Amino acid sequence: MSYKQFIYWWQKSLPPILVRAVVIICLTVGVLGILGSTAPMSNAQLVSTTKRIQDKQTPLKSTSLNATVYHSPDCNCCGGWIDHLKAQGFQITDFSTPDIETVKQKYNVPDNLSSCHTAIVNGYVIEGHVPADDIKRLLQEKPNVTGLSVPQMPVGTPGMEMGDRKDPFSVLSFDSKGSVAVFNKYPSS
């Protein structure tokens with residue numbers, strides 16, 4: 001059984017809250033870094049660079065950058081993502097809640113797109129470690145979607161830095177009808 005098949009089986013076999021708890025524990029002790037991971041998406045052509053996540057600040061005209069972030073008090077990586085947003089000009093309202101699953105249900109985050117925190121930015125749902133540039137692009141383009149997600153917690157996304165290691169990942173858009181599309185892709189380093 002490959003690592004990717006194991007992760008798929010693991011996520012489908014265990015309750016989502018247990019999966020999240022185990023992932024957080026693994027990240028805390030560094031096991032995920034030792035075991036390695038594979039990209040959660042296909043090997044489609046990658047069109048952007050991970051370096052852009054931390055270095056580039058996309059200008060945004062006449063749109064307030066206010067984010068309400070809900071996260072578990074036990075999660076350490078959410079603070080790193082919040083710091084990333086602040087550095088990109090976002091004003092943050094931070095809510096620590098032991099019942100993050102209720103927040104995800106309230107905002108209709110699909111289970112397969114969930115991550116460790118949920119944010120609301122100008123009515124859009126932002127799930128997981130979505131780079132600030134992608135949120136700004138969402139606010140500029142205003143597509144008819146519910147929001148954006150970076151499923152799971154890929155190494156190298158904002159708040160999930162582990163030295164020079166950066167796994168490839170995709171930012172996905174999703175809507176209320178269950179449609180999911182690739183919004184942006186980032187390669188590994």
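Because the structure is predicted, anything quoted here is derived from the model rather than measured.
- Side-chain contact between Pro131 and Val171 is present, with heavy atoms from C-beta onward closer than 4.5 Å.
- Shown here are the side-chain hydrogen bond (donor to acceptor under 3.5 Å, both in side chains) partners of Asn108, two or more places apart in sequence or in another chain: there are none.
- At a threshold of 4.5 Å between non-hydrogen side-chain atoms, the residues Thr93 and Asn66 do not count as touching.
- Counting only heavy atoms from C-beta outward, the side chains of Asn122 and Leu65 never approach each other to under 4.5 Å.
- Going from atom SG of Cys77 over to atom CD1 of Ile82 covers 10.0 Å, rounded to the nearest 0.5 Å.
- Side-chain contact between Leu139 and Tyr124: present, with at least one pair of heavy atoms (C-beta onward) separated by less than 4.5 Å.
- Thr146 and Tyr107 get closest at one heavy-atom pair: CG2-O, 4.3 Å.
- Summarising the geometry, atom CD belonging to Gln140 is positioned 12.5 Å from atom CD1 belonging to Ile135; distances are rounded to the nearest 0.5 Å.
- Put simply, the side chain of Ser72 gets close to the backbone of Asp74: a donor and an acceptor are under 3.5 Å apart.
- Distance check: Gln88 CD to Leu85 CG gives 8.0 Å after rounding to the nearest 0.5 Å.
- In this structure, His84 NE2 and Glu161 CD are separated by 8.5 Å, a value rounded to the nearest 0.5 Å.
- The structure places CD of Gln105 at 6.5 Å from CD of Glu101, a figure rounded to the nearest 0.5 Å.
- Between Phe174 and Pro110 the shortest side-chain heavy-atom distance falls below 4.5 Å.
- Partners of Tyr70 under the ring pair (Phe, Tyr, Trp, His ring centres under 6.0 Å) rule, at least two apart in sequence or in another chain, are Phe95.
- A donor-acceptor distance shorter than 3.5 angstrom exists from the side chain of Arg137 to the backbone of Phe183, with no hydrogens or angles considered.
- Of the inter-residue distances, the one linking Arg165 atom CZ with Met160 atom CE reads 9.0 Å to the nearest 0.5 angstrom.
- Taking every heavy atom of both residues into account, Asp134 and Leu148 meet most closely at O-CD1, 3.6 Å.
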key: Test side chain to side chain contact (heavy atoms under 4.5 Å, CB included) applied to Ile120 and Val125, step by step   = CA-CA 5 Å; Ile120 307 302; Val125 177; 3.9 Å; yes
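- Heavy atoms only, all atoms of each residue included: Gln152 and Pro154 are closest at C-CD, 3.7 Å.
- Between the side chains of Thr118 and Lys104, at least one donor N or O lies within less than 3.5 Å of an accepting N or O.
- Of all heavy-atom pairs spanning Phe90 and Ala67, the tightest one is CD2-CB, 4.3 Å.
- With Asn76 contributing its side chain and Gly79 its backbone, the two residues share no donor-acceptor pair below 3.5 Å.
- Nearest approach of Val145 to Asp175, heavy atoms of both residues: CA-CB, 4.2 Å.
- Proximity of Thr97 to Val103: side-chain heavy atoms (C-beta onward) are separated by under 4.5 Å at one or more points.
- Partners of His117 according to the ring pair (Phe, Tyr, Trp, His ring centres under 6.0 Å) rule, which considers only residues two or more places apart in sequence or in another chain, are Trp81, His129.
- Between Ser114 and Glu127 there is a side-chain heavy-atom pair separated by less than 4.5 Å.
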query = Where do Leu113 and Val180 land on the side chain to side chain contact (heavy atoms under 4.5 Å, CB included) test, with the steps shown first?
reply = CA-CA 9 Å; Leu113 299 183; Val180 176; 4.0 Å; yes
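- In this structure, the side chain of Ser115 does not engage the main chain of Pro151 through any donor-acceptor pair within 3.5 Å.
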